Amino acid sequence: MADRASGSARRIAHRVSTATLNGVPCTWVQADSAVLGETTVLYLHGGGFLVGSSRSHTALAVRLSAACDARICLPDYRLSPEYPHPAGADDALATYRGLLAAGVDPARLVVAGDSAGGHLAAGLINDVIREGLPRPAAVVLLSPVIDPTAASAMARDRRRRDPVLAVPFWAPALRAHFGGAGIRDQRTTPIDGVDRRWPPTFIQVGTRECLLDDARSFASALKSVGVQCELQVWPGQVHVFQMLAGLVPEAADAIAEIARFLHRTRRAA
């Protein structure tokens with residue numbers, strides 16, 4: 001189905017289609033310039049586990065598709081408060097299994113996500129390793145939520161207000177989403193599940209956001225067990241600034257950096 005999405009994606013010719021993978025509704029986005037089958041990106045959208053959808057992230061997916069020569073799969077996983085944790089995590093794993101069952105080569109599969117979707121992406125890798133599934137080629141995390149208690153985010157926000165995330169409202173919603181889940185469970189706190197089997201990982205975060213310390217801690221944890229991990233801290237940038245591609249030059253530059261990372265990963269494979 002042809003589509004010319006509004007906003008920043010309008011200048012990039014692309015196609016959008018829908019499908020159900022292993023019971024999860026998904027949207028496929030592919031720039032016309034992307035080579036079919038070169039790379040598949042399972043992208044888990046952000047939105048604090050409460051909002052967001054494939055529609056909210058289509059423009060970003062188009063730009064990632066064009067830059068990374070990839071087709072992007074955006075699952076519409078279940079959201080709180082109707083579906084608290086682990087519903088979203090279960091949907092992420094179901095989608096991953098669905099991609100494998102559909103014949104997607106894990107050596108050409110990338111797991112990515114932003115904000116709450118970054119948490120789901122990290123938790124998904126732990127699930128994949130724990131269940132002995134074929135691992136993806138790489139992981140890309142944009143401003144990921146790592147700490148379910150939001151303790152580090154609140155501490156940083158008290159020192160300098162996050163201009164995008166309303167932390168006093170978001171942090172209680174985050175805690176409600178996880179409810180009675182064990183905080184030390186690796187699906188709840190992904191940092192507890194990292195080990196040397198993690199794929200090469202690329203993390204981007206801005207200096208003006210409350211999740212800066214989460215990103216730094218997660219990168220340090222990965223590196224400490226020998227995982228190839230690159231952390232990019234972008235001066236002056238806000239939470240998931242990559243969504244502003246077409247408006248802010250740094251956003252386009254950041255997407256280009258993601259593409260370079262994936263191209264390096266493909267060459268090294």
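In this text the structure is predicted, and so the values were computed from the model without any measurement. These values consider heavy atoms only, across backbone and side chains, with no hydrogens, waters or symmetry-generated copies.
- Classification of R264 and E230 as a salt-bridged pair holds, one side-chain N sitting under 4.0 Å from a carboxylate O.
- The aromatic ring centroids of W198 and F218 lie less than 6.0 Å from each other.
- Relative orientation of the H45 and Y77 rings is parallel, given thresholds of 30° and 60° on the angle between their planes.
- V164 and L244 fall into different hydrophobic clusters, where Ile, Leu, Val, Met, Phe, Trp and Tyr side chains are chained together by heavy-atom contacts under 4.5 Å.
- Residues satisfying the side-chain contact (heavy atoms from CB on, under 4.5 Å) test with N22, not counting sequence neighbours, are A94, R97.
- Linking ILVMFWY residues whenever their side-chain heavy atoms come closer than 4.5 Å, directly or via other members, places I125 and L231 in the same cluster.
- Neither side chain, R108 nor T39, offers a donor N or O lying under 3.5 Å from an acceptor on the other.
- Side-chain contact check for E257 and Q232: at least one donor-acceptor pair (N or O, by modelled atom type) lies under 3.5 Å.
- Relative ring orientation between F241 and W234 is described as tilted, the plane-to-plane angle lying within the 30° to 60° band.
- Both V225 and V139 belong to a single network of hydrophobic side chains, linked directly or stepwise wherever heavy atoms of I, L, V, M, F, W or Y lie under 4.5 Å apart.
- Residues that satisfy the salt bridge (Lys or Arg N to Asp or Glu O under 4.0 Å) test with D162, not counting sequence neighbours, are absent from this structure.
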TODO: Begin with the C-alpha distance, continue with both residues' side-chain angles, and end with the deciding distance and a verdict on side chain to side chain donor-acceptor pair (under 3.5 Å) for S143 and D114.
DONE: CA-CA 6 Å; S143 305; D114 67 271; over 6 Å; no

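- Atom CZ of R55 sits in a sparse spot, with 12 or fewer heavy atoms from other residues, nucleotides or ligands closer than 6.0 Å.
- Each of L124 and V24 belongs to its own hydrophobic cluster when Ile, Leu, Val, Met, Phe, Trp and Tyr are linked at side-chain heavy-atom distances under 4.5 angstrom.
- A donor-acceptor pair is defined here as one N or O able to donate and one able to accept, closer than 3.5 Å; no such pair exists between the side chain of D157 and the backbone of V167.
- The pair E38-R266 meets the salt-bridge criterion, with a side-chain N (NZ, NE, NH1 or NH2) lying under 4.0 Å from an Asp/Glu carboxylate O.
- Residue V233 comes nearest to P235 through the heavy atom pair O-CD, 3.3 Å, listed as atom of the first residue, atom of the second, then distance.
- When the side chains of ILVMFWY residues are joined at heavy-atom separations under 4.5 Å, either directly or via intervening members, L133 and V194 end up in a single hydrophobic cluster.
- Taking the six-membered ring where the residue is Trp, H119 and F49 present perpendicular rings, their angle passing 60° and hence far from 30°.
- The residues D147 and R156 are annotated as not salt-bridged, no charged nitrogen and carboxylate oxygen being separated by less than 4.0 angstrom.
- Shown are T201, L64, L262; of these, the side chain to side chain contact (heavy atoms under 4.5 Å, CB included) with V140 is made only by L262.
- Atom CZ of R159 has more than 12 heavy atoms from other residues, nucleotides or ligands within 6.0 Å.
- Between D90 and R187 there is a salt bridge, since a side-chain N of the basic residue sits under 4.0 Å from a carboxylate O of the acidic one.
- Of the candidates T27, L21, V41, L21 is the only one forming a side chain to side chain contact (heavy atoms under 4.5 Å, CB included) with C73.
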